[in-house]
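For reference, the structure is listed below as structure tokens.
Remember, predicted model here, so these are calculated numbers, not experimental data.
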Amino acid sequence: MTRITEDPILVSIIQRQLDHISLQMGLVMTRTARSPIFSQSHDFSCFLSNAHGETVAQADGIPIHTGGGGFAVRAVLRDFADQIFPDDVFILSDPYVAGGNHLPDWTVIRPVFVDDRLFGFCTNRAHQSDIGGGAAGTYNSAATEIFHEGIRLPVLKLVDKGQLRQDLWNLLLLNSRSPDLLDGDLGAMLGSTRIGTERFQALILHHGSERSARCLEAVLDYGERSMRQAISSLPNGSWTASDFSDTDCFETIEVETRVKITVENDSLIVDFTGSSPQVRGFKNSSVANTHSAVNVAIAAFFDESMPHNEGISRPVKIIAPEGTHLNALPPAAMTMNTIYPAGDIINACWKALAQIDQERACAGWGKISYSVSSGPDSVGRNFTLYHWHACAGGGAVRGRDGFPSISHQATLGGMVIPNVETYEQSYPCRIHQQEFRIDAAGAGTFRGGCGISYEIEVWADTQHSLRGEGSRKPSGFGVAEGLDGAKGEFHVFELDSGDEIASPQYGIQNLGPKRITIESSGGGGWGDPLKRDRLAVMRDVRDGIVSRSAAENLYGVKI
């Protein structure tokens, strides 16, 4: 680690300016993208890198996208080392050869030049509505190899010295069931990176080339120093933990994510040796995705004021043996990996870190039990309806209850649950219920998130993709004597007859109009439930989150 020689106030200012540029990029994307997955739900991330591909700012977006973003930028530097020019734009997605996490996340990368000198890159990584493959909406739970999951993009030059490669653009649109959406979304991604590049260039010109170059290194050094200081506050030693999945998407099987976290003075070793081999289904992780998930877990454990740049990763060594489901070999399928095993990685790390310091421990978030419905709308265009209104409850931490309903934990809340009214205007559906579950939150001094009771009618014929990771057993684990949250469940019924349709935990079904009900998983609690504030228990009873009997039996409060 180099010693910071620049004015620390200036370094702090530049870090905030870089963060603000990524926020500006996100605003451009939200306001110009065509797909609701971006304009309403924010399933994209913007980040900035230095000339070596190290992430210097990631203020706007989802941490599972950005925590391993440097892998993608460094793939551009590797494959186009002497062919990167002003006004170029690159695109990639493949997890095996291009530093991607999974195929639906297309990454658009624009270099930043000032006076013919490469200073860095502006990047937008966004989950596309559809990229072909065996299932509409990108999530093919029947996939057993990556070729079933859609078009694979190595590092490609989408714009060559300012000239759009129309042949490549046409190829991308041709491989999507929603080319009209993709056309607008790619344009929005290009626009957001262009705005980011202009702002980045202005920052460099304002501070001067040489000082800016030194400050870009200094913000990374500061991130590293901050993380090393945080790690050095922990006792030396090793702690082990595991999290488990109960399915490979085809059969009931125990899939273990095993971790050993070792603290050595001011460094961490996160070792996944002993984890299960790669699985048959689409829940295998790429190296970039595994690194991202570890970064999410560590960032949530330490102080939230720590800089969000790649410097904080320097003191952390990650060991993920090849051939495991955390570093799968081709052609393993991967589309689910940003949710699971990313969530399993985070859980295992949180369980190990909780043994080091319970005061900072994070209780488990409920695992998902929901689905995606895709089909043609009234004018024949394909739509993809994510049932995000049934998101699970978050885990509690010391000082705060878990979020009642929140996107999966690898986002740390960075993805937005859309408004019901907007959905009903955008899709052929009617949402009849979206309300908090009762007695589903893990009890604790600070209780877990309660999850959602959800009911929707979908009036169109659709391909229905089911993902019920949290539907067989409780998954939102409690910590520090807190209790687990309730498991989730979902049911599908024919709209006309009302007959229930058998629903696998994972699967693809082609169905007519239907009614879907979901009880999402509850988050885990933190601390002894008997120590919960009595007024908080009474408020939960009044709000319909805790029943009178649970208040007495779990919290010792008789109402």
Side-chain angles (χ1 to χ4, degrees), residues 40-41 343 362-371 386-397 399-409 411-424 429-457 467-471 473-478 482-491 515-527 529 532-555 557 559:
Q40 296 175 22
S41 300
C362 302
W365 295 25
K367 293 186 178 181
I368 62 169
S369 295
Y370 72 101
S371 53
Y386 288 80
H387 295 279
W388 279 329
H389 294 96
C391 281
V397 294
R400 179 181 55 74
D401 292 341
F403 296 107
S405 176
I406 193 166
S407 54
H408 61 86
Q409 70 197 92
T411 72
L412 286 185
M415 201 164 68
V416 179
I417 300 174
N419 291 326
V420 165
E421 292 82 1
T422 304
Y423 250 46
E424 292 179 336
C429 72
R430 176 69 51 79
I431 298 174
H432 292 285
Q433 182 185 30
Q434 186 203 21
E435 63 183 48
F436 294 159
R437 290 183 70 183
I438 189 167
D439 291 343
T445 308
F446 300 96
R447 62 160 175 77
C450 56
I452 293 293
S453 294
Y454 170 82
E455 180 180 350
I456 184 174
E457 289 181 1
R467 295 178 276 164
E469 189 71 24
S471 62
K473 59 184 180 182
S475 52
F477 60 88
L483 303 184
D484 296 346
K487 75 178 187 68
E489 57 182 88
F490 56 69
H491 302 276
R515 178 169 60 92
I516 300 167
T517 65
I518 300 174
E519 301 289 324
S520 65
S521 305
W526 187 98
R532 182 166 177 78
D533 181 84
R534 295 173 63 85
L535 291 178
V537 177
M538 295 171 67
R539 183 188 65 229
D540 288 344
V541 173
R542 182 193 64 201
D543 292 343
I545 296 173
V546 174
S547 67
R548 290 172 179 261
S549 60
E552 181 175 357
N553 295 333
L554 296 177
Y555 295 100
V557 177
I559 300 176

Those residues at least two apart in sequence (or on a different chain) that pass side chain to side chain donor-acceptor pair (under 3.5 Å) with His491 are Glu489, Glu500
Please find the pair of heavy atoms, one from Tyr454 and one from His387, that lie closest to each other, and give the distance.
OH-ND1, 2.8 Å
Heavy-atom pair of closest approach, residues Ala551 and Val546:
N-CG1, 3.7 Å
With sequence neighbours excluded, residues passing side-chain contact (heavy atoms from CB on, under 4.5 Å) with Ile545:
Phe436, Arg447, Cys450, Asp540, Asp543
Exercise: identify the closest heavy-atom pair between Glu424 and Cys429:
CG-O, 3.9 Å
Hey, is Lys473 close enough to Asp484 for a salt bridge, meaning N to O under 4.0 Å?
no
If you measure only the distance, is there a donor-acceptor pair under 3.5 Å linking the side chains of Tyr423 and His389?
no
Which atom pair, heavy atoms only, marks the closest approach of Val557 to Met538?
CG1-CG, 4.4 Å
Using a 3.5 Å distance criterion without hydrogens, assess whether the side chain of Arg548 forms a donor-acceptor pair with backbone atoms of Val541.
no
Minimal non-hydrogen separation, Ser41 against Trp388, with atom names:
OG-CZ3, 3.0 Å
Please assess Ser521 against Ser369 for the test side-chain contact (heavy atoms from CB on, under 4.5 Å), listing each intermediate value before the final yes or no.
CA-CA 7 Å; Ser521 305; Ser369 295; 4.1 Å; yes
Decide salt bridge (charged side-chain N to carboxylate O under 4.0 Å, His left out) for Asp533 and Arg539; before the verdict, give the C-alpha distance in whole Å, the side-chain angles of both, and the deciding distance to 0.1 Å.
CA-CA 10 Å; Asp533 181 84; Arg539 183 188 65 229; over 6 Å; no
Minimum heavy-atom distance Gly366-Ala392, with the two atoms named:
O-CB, 3.3 Å
